[in-house]
Amino acid sequence: MQTIKESVTVAWAAAWDRGEVDALDAVLHPDYRRESANRGTITDLATLKRDILEVREAFPDLVTTLDKVIVDGDDLAIFWSTTGTFSRPLGGVPATGRRVRTTGSNHATVRDGVIVRERVTWDQSELLLDLGVPSLRSAFETDADEVVVDDLSGALGLDALKGFNRQFITGVTVVTTTDADGTPRGLAANSYASVSLEPPLVLVCVQKTSSTYPALFASSHLGINILSNAQRGTVATFASKEPDKFAHLDWHAAPNGSPLIEGSSASIEAEIKERLQAKTHTVFIAKVTHAELGDAVPMIYKAGRFFDGEHLQELEAAPV
């Protein structure tokens with residue numbers, strides 16, 4: 001008869017190295033629960049199997065090693081390491097082709113020869129961190145079935161949130177990059193913000209479903225163009241599904257290749273420093289390396305409408 005140590009070693013290799021996840025049934029209790037020390041979430045056996053298959057899909061050459069397995073009564077400790085190449089997307093993150101080595105440990109409780117509970121130091125967010133892609137905690141949160149808001153309706157007030165966002169006045173930018181073939185790519189965005197002047201950092205949030213997202217994620221630099229009053233047509237182009245948004249557009253390449261659009265009020269090129277995963281979006285933080293300032297008046301956006309940014313008037317001070 002195999003010991004729990006031997007059984008875990010066999011099942012681990014089958015599941016993680018070959019994708020035979022049902023082998024875990026021999027060592028995990030049907031009511032098995034797995035707690036992430038990183039996120040504090042608790043998942044079941046079915047979720048663990050799904051996570052393993054997702055990781056193996058992203059890392060087809062994944063190989064794991066059990067560095068040490070320690071059994072002390074009903075306590076089991078597993079120390080492991082794994083290597084693989086990030087060949088396919090994982091959790092909305094495009095593949096980078098980068099090879100990674102990651103390590104972790106599991107503390108398990110054994111009952112009647114099977115594991116009933118584990119506390120683990122590793123999850124998918126840790127794997128992405130080892131790849132140089134840190135994730136905000138929200139990136140791996142599951143959506144709540146019921147969310148109570150102020151009106152106690154039990155439903156998330158998306159209309160109220162949209163209404164709040166529509167009251168915020170912004171400029172209009174087009175974020176640009178080039179893909180692996182050197183083809184210019186871009187998308188319209190109003191989620192640009194300056195992070196700091198020293199060092200010169202900026203950020204922009206990009207939805208993962210954007211057609212430009214894979215090229216942007218893989219790029220070392222990006223361009224940000226603040227559109228002018230005369231570029232209303234440019235906004236429409238980048239908000240459309242037109243396959244070649246640069247076909248009828250005048251632009252030039254910045255020093256590191258990012259497309260800068262002619263006629264913009266201002267344009268910068270920035271080196272991407274961080275790609276923070278935030279559920280449906282990625283927050284790109286970049287260091288400005290090149291800037292071009294024009295004389296054109298910037299466009300203003302509010303509540304789905306665009307305005308002339310020239311005739312701005314200062315508000316009177318509020319009475320004390």
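Predicted, not measured: the structure shown is a model, and the values here were computed from it. Along the sequence shown, residues carry numbers from 1.
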Would a distance-only check, ignoring hydrogens and angles, find a side-chain to backbone donor-acceptor pair under 3.5 Å from [X] to [Y]?
{"X": "Thr85", "Y": "Arg98", "answer": "no"}
{"X": "Asp17", "Y": "Thr64", "answer": "yes"}
{"X": "Ser258", "Y": "Ala254", "answer": "no"}
{"X": "Asp244", "Y": "Phe246", "answer": "yes"}
{"X": "Ser228", "Y": "Ala296", "answer": "no"}
{"X": "Thr177", "Y": "Arg185", "answer": "no"}
{"X": "Asp72", "Y": "Asp75", "answer": "no"}
{"X": "Ser267", "Y": "Leu260", "answer": "no"}
{"X": "Gln231", "Y": "Glu262", "answer": "yes"}
{"X": "Thr9", "Y": "Lys5", "answer": "yes"}

Could you tell me whether [X] and [Y] have a side-chain N and a carboxylate O separated by less than 4.0 Å?
{"X": "Arg56", "Y": "Glu54", "answer": "no"}
{"X": "Arg34", "Y": "Glu118", "answer": "yes"}
{"X": "Asp22", "Y": "Lys49", "answer": "yes"}

| Charged tip of Arg275 within 45° of Phe217 ring normal and under 6.0 Å |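 Arg275 over Phe217 ring: yes.
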Could you pull out the closest heavy-atom pair between [X] and [Y], with the gap in Å?
{"X": "Thr121", "Y": "Ser105", "result": "OG1-N, 2.9 Å"}
{"X": "Val27", "Y": "Val8", "result": "CG1-N, 3.9 Å"}
{"X": "Pro259", "Y": "Pro184", "result": "CG-CB, 3.7 Å"}
{"X": "Ala26", "Y": "Val114", "result": "O-CG1, 3.8 Å"}
{"X": "Asn225", "Y": "Ser264", "result": "CB-OG, 3.7 Å"}
{"X": "Gly19", "Y": "Leu53", "result": "O-CD2, 3.7 Å"}

Taking the side chain as C-beta and beyond, is there a heavy-atom pair between [X] and [Y] under 4.5 Å?
{"X": "Val283", "Y": "Gln277", "result": "no"}
{"X": "Leu249", "Y": "Thr234", "result": "yes"}
{"X": "Thr289", "Y": "His221", "result": "yes"}
{"X": "His281", "Y": "Leu276", "result": "no"}
{"X": "Val100", "Y": "Phe59", "result": "yes"}
{"X": "Val116", "Y": "Val110", "result": "no"}
{"X": "Phe86", "Y": "Val93", "result": "yes"}
{"X": "Ile272", "Y": "Phe284", "result": "yes"}

Could you state the interatomic distance from [atom1] ([X]) to [atom2] ([Y]), rounded to the nearest 0.5 Å?
{"X": "Thr282", "Y": "Glu274", "atom1": "OG1", "atom2": "CD", "answer": "12.0 Å"}
{"X": "Ile261", "Y": "Leu227", "atom1": "CD1", "atom2": "CG", "answer": "6.0 Å"}
{"X": "Trp122", "Y": "Asn106", "atom1": "CH2", "atom2": "CG", "answer": "10.0 Å"}
{"X": "Leu48", "Y": "Thr43", "atom1": "CG", "atom2": "OG1", "answer": "6.5 Å"}
{"X": "Ser81", "Y": "Asp67", "atom1": "OG", "atom2": "CG", "answer": "3.5 Å"}
{"X": "Trp80", "Y": "Thr65", "atom1": "CH2", "atom2": "OG1", "answer": "10.5 Å"}

| query | Does a sphere of radius 6.0 Å around NE2 in His248 hold more than 12 heavy atoms from other residues, nucleotides or ligands, not counting ones at 6.0 Å or beyond? | reply | no
Would you kindly confirm whether [X] and [Y] end up in one hydrophobic cluster when ILVMFWY residues are joined by side chain heavy atoms under 4.5 Å apart?
{"X": "Val202", "Y": "Val174", "answer": "no"}
{"X": "Phe306", "Y": "Val297", "answer": "no"}
{"X": "Val175", "Y": "Val172", "answer": "no"}
{"X": "Leu222", "Y": "Val288", "answer": "yes"}
{"X": "Leu28", "Y": "Val120", "answer": "no"}

| query | Between Arg33 and Glu35, does a salt bridge (Lys or Arg N to Asp or Glu O under 4.0 Å) hold up when you go through it step by step? | reply | CA-CA 7 Å; Arg33 292 294 181 267; Glu35 180 182 357; over 6 Å; no
| query | Should His29 and Ile115 be marked as a side-chain contact (heavy atoms from CB on, under 4.5 Å) after you check the CA-CA gap, both sets of side-chain angles, and the distance that decides it? | reply | CA-CA 6 Å; His29 193 276; Ile115 296 172; over 6 Å; no
| What residue among Thr82, Ile52, Val21 forms side-chain contact (heavy atoms from CB on, under 4.5 Å) with Trp16? |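 Testing Trp16 for a side-chain contact (heavy atoms from CB on, under 4.5 Å) against Thr82, Ile52, Val21 leaves exactly one candidate, Ile52.
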| Do Glu271 and His290 have side-chain N/O donor and acceptor atoms under 3.5 Å apart? | no
| query | Are Asp44 and Tyr32 close enough, and set up right, to give a side-chain contact (heavy atoms from CB on, under 4.5 Å), and what steps lead you there? | reply | CA-CA 6 Å; Asp44 57 14; Tyr32 163 86; 5.8 Å; no
| task | Test His107 against Leu76 for side-chain contact (heavy atoms from CB on, under 4.5 Å), laying out the working first. | result | CA-CA 6 Å; His107 174 242; Leu76 175 69; over 6 Å; no
| task | Could you walk me through whether Val71 and Ile4 pass side-chain contact (heavy atoms from CB on, under 4.5 Å), step by step? | result | CA-CA 8 Å; Val71 181; Ile4 183 63; 4.0 Å; yes
